[in-house]
Amino acid sequence: MPQSDHENKSLVQVKERDRTTMEAILRRNIGMMHAQDGRYQEAMAEYQTALEIKKMFDETHREVAITLNAIGALLATKGESAPALAHFREALSIFRMNSVSGFTMGDDNVNMDMDEDVAQTKRNIELVENTFGGRDTGLRRGGRGRGTF
């Protein structure tokens with residue numbers, strides 16, 4: 001049975017989203033390679049492109065949070081603590097929305113914080129706060145995407 005125009009358009013949209021999602025992931029990974037090599041401008045350019053692509057389809061997708069976490073790590077590596085914290089906190093919010101254990105008991109986030117990405121992002125925030133005390137220092141550290149910076 002032939003597909004309707006609506007079904008054809010939907011299929012095209014899904015294929016386009018999948019293609020651009022893969023591009024976003026590849027660009028984030030290229031950014032991570034640049035960051036590991038100390039090429040921070042190139043890394044940031046790749047991260048920003050990946051973020052723009054992902055946000056076109058879903059601003060609360062886990063891939064958006066992973067990229068925000070990578071940007072936060074890069075900024076922290078450069079000693080830019082305030083923008084790093086802002087990116088980590090935005091990533092944390094998205095990770096919590098998408099947490100597989102995204103239910104809470106009472107008013108706490110104990111269960112959702114068991115999610116690996118949530119826990120890692122919380123450690124990143126704590127590390128930046130403890131290392132920089134809320135100030136930009138220019139101190140350089142490791143610069144990875146998902147792990148502790």
Side-chain angles (χ1 to χ4, degrees), residues 7-104 108-149:
E7 289 172 324
N8 285 334
K9 286 180 184 178
S10 294
L11 185 59
V12 168
Q13 288 172 334
V14 167
K15 286 181 179 180
E16 177 65 16
R17 184 187 67 225
D18 288 348
R19 184 185 66 78
T20 54
T21 296
M22 185 54 64
E23 179 184 351
I25 292 168
L26 290 171
R27 286 187 173 274
R28 187 191 70 240
N29 289 341
I30 291 168
M32 291 172 67
M33 291 171 33
H34 287 316
Q36 289 172 351
D37 288 341
R39 297 189 328 249
Y40 301 130
Q41 282 186 308
E42 292 99 331
M44 186 60 78
E46 294 294 343
Y47 290 154
Q48 291 293 347
T49 300
L51 190 60
E52 289 170 17
I53 292 168
K54 283 306 299 177
K55 283 188 170 185
M56 284 188 320
F57 295 102
D58 184 357
E59 291 192 6
T60 61
H61 193 278
R62 279 187 93 79
E63 282 296 324
V64 171
I66 292 168
T67 303
L68 287 166
N69 213 24
I71 292 170
L74 179 62
L75 292 167
T77 297
K78 294 171 54 179
E80 299 177 26
S81 63
L85 286 170
H87 282 81
F88 286 142
R89 288 181 177 130
E90 186 178 353
L92 180 61
S93 174
I94 294 169
F95 281 138
R96 282 182 167 158
M97 280 189 272
N98 290 286
S99 177
V100 292
S101 51
F103 58 92
T104 60
D108 60 40
N109 292 319
V110 173
N111 291 326
M112 119 179 12
D113 289 352
M114 290 172 50
D115 179 274
E116 179 183 335
D117 290 321
V118 169
Q120 182 61 59
T121 304
K122 286 180 69 178
R123 285 191 296 269
N124 286 346
I125 291 168
E126 184 178 327
L127 184 59
V128 170
E129 289 175 341
N130 291 339
T131 301
F132 301 117
R135 66 191 184 288
D136 290 344
T137 64
L139 179 64
R140 294 187 179 229
R141 288 195 171 277
R144 283 178 267 292
R146 276 183 91 150
T148 304
F149 79 95

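All values derive from a computational prediction rather than experimental measurement. Hydrogens, waters and symmetry mates are skipped; everything else that's a heavy atom, side chains included, is used.
Using a 4.5 Å heavy-atom threshold, the side chains of Val64 and Glu59 count as separate. Looking at Ile25 and Glu63, their side chains come closer than 4.5 Å, going by heavy atoms from C-beta outward.
The closest donor-acceptor contact from the side chain of His87 to the backbone of Pro83 lies under 3.5 Å.
A distance of 11.5 Å separates OH of Tyr40 from CG of Leu75, quoted to the nearest 0.5 Å. Taking CG from Leu127 and CZ from Phe132, the interatomic distance works out to 7.5 Å, rounded to the nearest 0.5 Å. The structure places OG1 of Thr20 at 11.5 Å from CG of Leu26, a figure rounded to the nearest 0.5 Å. Note that the OG1 atom of Thr131 and the CG atom of Asn124 stand 10.5 Å from one another [nearest 0.5 Å]. For the atom pair Phe88 CZ and Arg123 CZ, the distance stands at 12.0 Å (nearest 0.5 Å). Going from atom CG of Asp117 over to atom CZ of Arg96 covers 12.5 Å, rounded to the nearest 0.5 Å.
Applying the side-chain contact (heavy atoms from CB on, under 4.5 Å) test to Gln48 and every residue at least two apart in sequence or in another chain returns Met44, Leu51, Ile71. In terms of the side-chain contact (heavy atoms from CB on, under 4.5 Å) criterion, residue partners of Glu42 (sequence neighbours excluded) are, by chain and number, His34, Arg39. Under the side-chain contact (heavy atoms from CB on, under 4.5 Å) criterion, Ala91 pairs with Ala65, Leu68, Asn69, Phe95, Thr121, sequence neighbours left out. Ser93 meets the side-chain contact (heavy atoms from CB on, under 4.5 Å) test with Met97; sequence neighbours excluded.
With respect to Arg27 and Glu23, a salt bridge is recorded, a charged nitrogen being found less than 4.0 Å from a carboxylate O. Ionic pairing of Arg62 and Asp115 is present here: one or more N-O contacts between side-chain nitrogen and carboxylate oxygen are shorter than 4.0 angstrom.
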Under the salt bridge (Lys or Arg N to Asp or Glu O under 4.0 Å) rule, what do Glu129 and Arg89 come out as? Steps first, then yes or no, please.
CA-CA 12 Å; Glu129 289 175 341; Arg89 288 181 177 130; 2.5 Å; yes
Could you give me the CA-CA distance, side-chain angles and deciding distance for Arg28 and Glu52, then say whether salt bridge (Lys or Arg N to Asp or Glu O under 4.0 Å) is met?
CA-CA 11 Å; Arg28 187 191 70 240; Glu52 289 170 17; over 6 Å; no
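Taking both residues in full, the closest heavy atoms of Leu92 and Ile125 are given as CD2-CD1, 3.9 Å, listed atom of the first, atom of the second, then distance. Ala24 and Ala50 make their closest contact through O-CB, 3.3 Å (heavy atoms, listed as atom of the first residue, atom of the second, distance). The nearest pair of heavy atoms linking Ala43 to Gly31 is CB-O, 3.2 Å. Considering all non-hydrogen atoms of both residues, Ala84 and Ala76 come closest at CB-N, 3.6 Å.
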